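To start, the structure under review is shown below, and the notes come after it.
We're numbering straight along the sequence, starting at 1. Since this is a predicted model, take the numbers as computed values, not measurements. Below, all heavy atoms of this structure are taken into account, side chains as well, without hydrogens, waters or symmetry copies.
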Amino acid sequence: MELLRIAAELRTREQARQQGEQARAQREPTPAPARSVQRTRPARGTARAQPRQESPSADEARGGLLLVTSTPPGLMVRVDGKPMDLTPARLPLRAGTYRVALAQGERTLAEETVALGEDDVRSLNRDLTAELAPAPRPAATAPASVEAPPPAAAPAATSPAATATRAESPPTAEPSVAPAAPTATGKGRLDVTSPGLYGEVWINNRPYGFPPLVAQGLPAGPARLEVRVNGVVKRKLTVDVVADQSTAVRIR
């Protein structure tokens with residue numbers, strides 16, 4: 001009898017446990033199917049379209065590099081008429097064809113057409129020493145025409161008495177003429193250096209280039225010297241030129 005009671009109690013407990021599990025299963029929410037989760041994910045095409053919009057265009061233009069040097073240095077580089085930099089210059093430009101000019105102030109010394117491709121490195125070097133040399137001074141020329149002196153009048157007939165009077169009078173002494181003072185016609189030169197200022201040297205309103213330089217054939221006497229940077233006068237002084245000598249000028 002005791003065994004039957006224990007078996008009945010165990011059976012009752014098992015039935016109660018099964019009923020409790022079924023009740024909990026009914027109260028818990030049913031998990032959403034896998035298909036609905038997949039529908040909420042963004043489409044693959046949309047996820048990949050965003051990076052392509054941020055990437056640079058393949059048709060974007062690429063440029064090159066233009067290196068411009070000159071002798072002497074310090075000349076203005078103009079590209080298509082626009083001032084860019086002083087030589088030596090390093091100019092990054094887009095691919096294309098450009099008109100490159102070297103100038104000193106308002107004076108254009110050299111000009112050339114340069115074609116620059118993608119990732120090209122082109123160099124342009126010009127020796128403009130001859131173009132910057134001062135022009136020779138014109139020699140003095142004689143006047144085109146010289147008037148001839150009037151012809152001397154024929155001597156008039158004189159009487160014997162007048163001739164005797166002239167013979168008796170003592171000869172008059174000719175007036176002495178003092179020699180003319182010599183004019184300063186010699187020429188000298190200036191040896192110009194500028195350790196503290198780099199600019200174009202002008203002497204008597206004429207460009208002579210960049211220091212150090214030697215200006216020859218200058219007339220003796222005071223000379224007006226200027227140092228210009230990009231056309232602006234930075235230094236101005238007066239120097240005495242000594243004939244047949246070299247005078248050192250140091251610009252600070």
CG-OG1 distance between L190 and T247, expressed to the nearest 0.5 angstrom: 5.5 Å
Linking I/L/V/M/F/W/Y whenever any side-chain heavy atoms sit under 4.5 Å apart, do L213 and L218 land together? yes
Could you tell me which non-hydrogen atom of R252 sits nearest to which non-hydrogen atom of R235, and how far apart they are? O-NE, 2.7 Å
Supply the members, apart from V121, of the Ile/Leu/Val/Met/Phe/Trp/Tyr cluster built from side-chain contacts under 4.5 Å; use none for a lone residue. L65, L67
Separation of E111 CD from R78 CZ (nearest 0.5 Å): 9.5 Å
If two hydrophobic side chains count as joined below 4.5 Å and joins carry through other members, does L132 share a cluster with W202? no
Is any NZ, NE, NH1 or NH2 atom of the basic residue among E14 and R17 found under 4.0 Å from an Asp or Glu carboxylate oxygen of the other? yes
Could you tell me whether the side chain of L91 reaches within less than 4.5 Å of the side chain of Y98, counting heavy atoms only? no
Minimum heavy-atom separation for V77 to A89, with atom names? CG2-CB, 4.1 Å
Treating N204 as the side-chain partner and R206 as the backbone partner, does any N or O pair qualify as donor plus acceptor under 3.5 Å? no
Closest non-hydrogen atom pair, P211 against V201: CD-CG2, 3.8 Å
Flag the pair V229 / L197 as yes when at least one side-chain heavy-atom distance between them is below 4.5 Å, and no otherwise. yes
Which pair of heavy atoms, one from I251 and one from P195, lies closest together, and at what distance? O-CD, 3.4 Å
Enter the distance from S70:OG to Q104:CD here, rounded to the nearest 0.5 Å. 10.0 Å
Testing the basics here: between E200 and P207, what is the closest heavy-atom pair and its distance to 0.1 Å? OE2-CB, 3.3 Å
Which atom pair, heavy atoms only, marks the closest approach of F210 to P72? CD1-CG, 4.3 Å
Using the rule side-chain contact (heavy atoms from CB on, under 4.5 Å), only one of L128, L75, L124 pairs with T87; which is it? L75
Quick one: does D80's side chain have a donor or acceptor within less than 3.5 Å of a partner on R99's backbone? yes
So L86 and M76, do their side chains get closer than 4.5 Å, heavy atoms only? yes
If you count the non-hydrogen atoms of other residues, nucleotides and ligands that lie under 6.0 Å from CD in E106, is the total more than 12? no
L102 side chain reached by V68 side chain, heavy atoms, under 4.5 Å: yes
Please evaluate residues V79 and V114 with respect to the criterion side chain to side chain contact (heavy atoms under 4.5 Å, CB included), reporting the C-alpha separation (whole Å), side-chain torsions for both, the decisive distance (0.1 Å), and the verdict. CA-CA 10 Å; V79 178; V114 178; over 6 Å; no
How many angstroms lie between atom CG of L10 and atom CZ of R5, to the nearest 0.5 angstrom? 10.0 Å
Exactly one candidate in N205, L237, V239 meets side-chain contact (heavy atoms from CB on, under 4.5 Å) with R224; the answer is N205
To the nearest 0.5 Å, how far apart are CD in E9 and CZ in R13? 4.5 Å
